[in-house]
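The model shown is predicted, which means the values in this text are computed figures rather than measured ones. Here is how names work: the chains are called A, B, and so on, in the same order as the sequence lines, proteins then strands, and each is numbered from 1.
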2 protein chains.
Amino acid sequence: MTVRAAIVVTGTEVLTGRIQDLNGPWLADRLLELGVELAYVTQCGDRADDIEAQLRFLADQGVDLIITSGGLGPTADDLTVATVARFAGRELLLDGPLEVRIAEILRTLMAGRDGVDFEAVMAANRKQAMVPAGAEILDPVGTAPGIVLSPTGDGPTVVVLPGPPRELQPMWSRAVETLAVQQAISGRTEYRQETVRMFGLAESGLADTLREAESRIDGFSGLEITTCLRRGELEIVTRYEPPAAGAYAALIDLLRDRHRTELFSTDGALVDDQVAALLAGRRFATAESCTAGLLAARIADRAGSSAYLVGGVVSYSNEAKVELLGVDAALIDEHGAVSEPVARAMAEGALARFDADTAVGITGIAGPGGGSAEKPVGTVCFGVALSGRPTLVRTLRLPGDRSDVRERSTTVAMHMLRNELLSLPPD
Amino acid sequence: MTVRAAIVVTGTEVLTGRIQDLNGPWLADRLLELGVELAYVTQCGDRADDIEAQLRFLADQGVDLIITSGGLGPTADDLTVATVARFAGRELLLDGPLEVRIAEILRTLMAGRDGVDFEAVMAANRKQAMVPAGAEILDPVGTAPGIVLSPTGDGPTVVVLPGPPRELQPMWSRAVETLAVQQAISGRTEYRQETVRMFGLAESGLADTLREAESRIDGFSGLEITTCLRRGELEIVTRYEPPAAGAYAALIDLLRDRHRTELFSTDGALVDDQVAALLAGRRFATAESCTAGLLAARIADRAGSSAYLVGGVVSYSNEAKVELLGVDAALIDEHGAVSEPVARAMAEGALARFDADTAVGITGIAGPGGGSAEKPVGTVCFGVALSGRPTLVRTLRLPGDRSDVRERSTTVAMHMLRNELLSLPPD
């Protein structure tokens, strides 16, 4: 049976494109995992009439589940709960225990801040304790509670969640466990979803392989495949019903066969996950010029990275390369700051300065200025140094603008590092 | 008069979040510039019934203009034109000259490629030359033509554009010039839009001030205000018609009066813009522990930053703090790595090591581990050192998860840096 859902993202700042909506795509993934078909994602402004009209439209379309995000704050333009109540024909009631709970949260948040009038803040936040009659309350992660509203008549179940992703995501997990949501999604088709990642393959190369797969693999039509380029990597997501598992296995075999060097993940793991695992027990350091700390920050993004990340140098100026990393100034004079000898010296300098056993050096021209005929914008040199081995160096020309080149450089560095660490003999 | 528009983005890859929609935000900006109010941006999959239902809903809501993107390709799941024709009650007709034009484009594209059956490609692309009766054709930028359909009865004007942004954008410019679109948006109101930014103010504090503004400022209801939290800052965007300019000026006066220290931008400039201007002619360096390069990377994000960014040290380990920044190991033993004395020593160490005149030190506990009762997760110490001045230090407790704490720390550092630089006597 097909169970259909829709997402309504509220907020003028999202509608007008000033803030990128992260909740629609995230919730879309969660619905996909649940085997629920997504009919629409609609963004609308903080206007009650527009939100209510959209809810009525979705109910008329017979969707089983509506999820809203945003509009739960204390200000007057936060009106999602009142609008959902009107849509469902429910009265708004002050929930006493919830008001106490929100007061506790605010008291903790404001502890130690001077000059805050607690009563004024509580008055502003009282509206967050108003909930539609009969609604199930989802405890706040920030200060805004969510609600789950079971259907009125044959209407949809409505889940109301706050806008900030770090609040919405855990609250969605709780919403899914409620009886109202479980009833709305009962009887759905079971789907599996698998993710494969590749690096260094053009989209058209993958398209060729998929055409071959279509003609060679029995039951290929049972695989719903979407591909996209993300951070310089190709991500291939396949959704299928359990009987198509054989066709999926055949697809993976074909991808492995055709793209052995490019395929780096068949279990959804990111290169960041793989590098983190490979760095365990090691001492890692960075020497960054054009990326200016992005690689170190990417490595440090994982909890627990302090076990292997010793530190790094952002050597933006030539003096910093010489003074802090011990790069020979003559090397810079002879080859230029963006060159393989300098990338090598930076990586080896980081190895020495941080007493590390693994280091990466990056030096490049991110643009928009600084390019030349010989070294155009996008030219980036990489060095990967492992103690006791010759340092690997490589030069690439990366596409895109300043921000693309810097971001893409960290991805290239992650893959070079992964390959070098994988090539080490086992202990 | 308010002219309202809606955007319908089609494509299962967008709906499921595999591909980020860039057309909705881009078109939203263009509509804003035209003074057209945007009611909805809806993403729907490649399903004719869903698309048609959404078009009917929007027509029922009385929108004057609908813009669709995507679904114009040669494959079977590209069905926007046929769906729009059915919605408008128009027959689909083969446009002879358009078919010839598409053939020319394809012949050019395929020139030099081997093994392509031109007739087969043309057959697949013939459907792209089928247009609703009475439609105005927008010449293709890629291979897909767009169309503009003037209203049937009192319905909306519909503009149908291809999905790839580099095709959609120039074709939108042509669409705006057509008579049907000009008629749809004639009589629209002129709007102004202004942005104010604050730092260090809670949303509820702003809500109080806005309530006061509502009761004190004549014509306040003519201001359409949206507020949002972004990177730890409050962004307040106000849209108004020219006669409400006086009310807007009164609002700014009130904000300045109530939140002098928190209000840092009334012209939309980001703190990054302001810091970049203040750093001109200086030599800036960073010393980062928990942010591990994020601050240096944020500074380097601007083109031209190499004029003032000398470099930085990511001193993730204590040894790195001692070896590379010259922090006294006894200081770490006595106060802990996350302490104001260490933040001060890091900033001053960066000043010395990079021969800089401006430096920031950041050391904190980003979590999830590493917190204690005395120094819980989110505790971050900052030091801002300007040569010839006592170093400013401060400790904050920042909310959120690891990634929030690290990101927020860079924003705090930017504001501390801005304030210190602003407090310098003029040259």
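- Of the listed residues (A:Leu324, A:Asp46, A:Thr12, A:Leu32), the greatest number of heavy-atom pairs within a distance under 4.5 Å of chain B belongs to A:Leu324.
- Using a 4.5 Å cut-off between heavy atoms, B:Ile225 contacts chain A through its backbone alone, with no side-chain atom that close.
- The pair A:Arg4-B:Asp50 meets the salt-bridge criterion, with a side-chain N (NZ, NE, NH1 or NH2) lying under 4.0 Å from an Asp/Glu carboxylate O.
- Proximity to chain B (any heavy atom under 4.5 Å) is shown, for A:Ser305, by both the backbone and the side chain.
- Rounded to the nearest 0.5 angstrom, A:Ile299 CD1 and B:Tyr316 OH are separated by 10.5 Å.
- Using a 4.5 Å cut-off between heavy atoms, B:Ser289 does not touch chain A at all.
- Contact annotation for A:Ser315: only backbone heavy atoms (N, CA, C, O) come within less than 4.5 Å of a heavy atom of chain B.
- At a 4.5 Å heavy-atom cutoff, B:Arg397 makes no contact with chain A through either its backbone or its side chain.
- Only the side chain of A:Glu235 comes within contact range of chain B, with heavy atoms under 4.5 Å apart.
- Taking the side chain to side chain contact (heavy atoms under 4.5 Å, CB included) definition, one finds that B:Asp404 meets it with A:Arg166, B:Asp401, sequence neighbours left out.
- Most heavy-atom pairs under 4.5 Å with chain B, from the set A:Leu309, A:Ile19, A:Leu295, A:Val313: that is A:Leu309.
- Remark: the backbone N or O of B:Leu294 is not paired with any side-chain donor or acceptor of B:Thr291 at under 3.5 angstrom.
- Here A:Ala303 is the residue among A:Ala303, A:Ala28, A:Pro74, A:Gly24 with the most heavy-atom pairs under 4.5 Å with chain B.
- Of the listed residues (A:Val237, A:Val141, A:Thr16), the greatest number of heavy-atom pairs within a distance under 4.5 Å of chain B belongs to A:Val237.
- The most heavy-atom pairs under 4.5 Å with chain A, out of B:Glu203, B:Gln61, B:Glu13, B:Arg302, come from B:Arg302.
- Side-chain N or O atoms of B:Arg239 include none that pairs as donor or acceptor with a backbone N or O of B:Gln193 at under 3.5 Å.
- For the atom pair OH (A:Tyr40) and CZ (B:Arg47), the distance works out to 8.5 Å, reported to the nearest 0.5 Å.
- Side-chain atoms of B:Ser317 come within 3.5 Å of backbone atoms of A:Val310 as a donor-acceptor pair (strictly under, hydrogens ignored).
- Only the side chain of B:Glu224 comes within contact range of chain A, with heavy atoms under 4.5 Å apart.
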What do the steps show when you test B:Arg211 against B:Asp208 for salt bridge (Lys or Arg N to Asp or Glu O under 4.0 Å), and what is the final call?
CA-CA 5 Å; B:Arg211 268 193 298 276; B:Asp208 279 350; 2.6 Å; yes
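- At a 4.5 Å heavy-atom cutoff, the contact between A:Leu15 and chain B is made by backbone and side-chain atoms alike.
- At a cut-off of 3.5 Å, with distance as the only test, no side-chain donor of B:Arg258 or B:Thr209 sits close to an acceptor on the other residue.
- In this structure, the portion of A:Gln20 lying under 4.5 Å from any heavy atom of chain B is its side chain and not its backbone.
- A distance of 5.5 Å separates CG in B:Leu234 from CG in B:Leu206, rounded to the nearest 0.5 Å.
- The choice from A:Arg353, A:Gln54, A:Glu288, A:Arg56 that makes the most heavy-atom pairs within less than 4.5 Å of chain B is A:Gln54.
- Top candidate by heavy-atom pairs under 4.5 Å with chain B, chosen from A:Ala297, A:Cys44, A:Pro164, A:Gly163, is A:Ala297.
- For A:Arg283, the part lying near chain B is the side chain, with the backbone staying farther off; criterion is any non-hydrogen pair under 4.5 Å.
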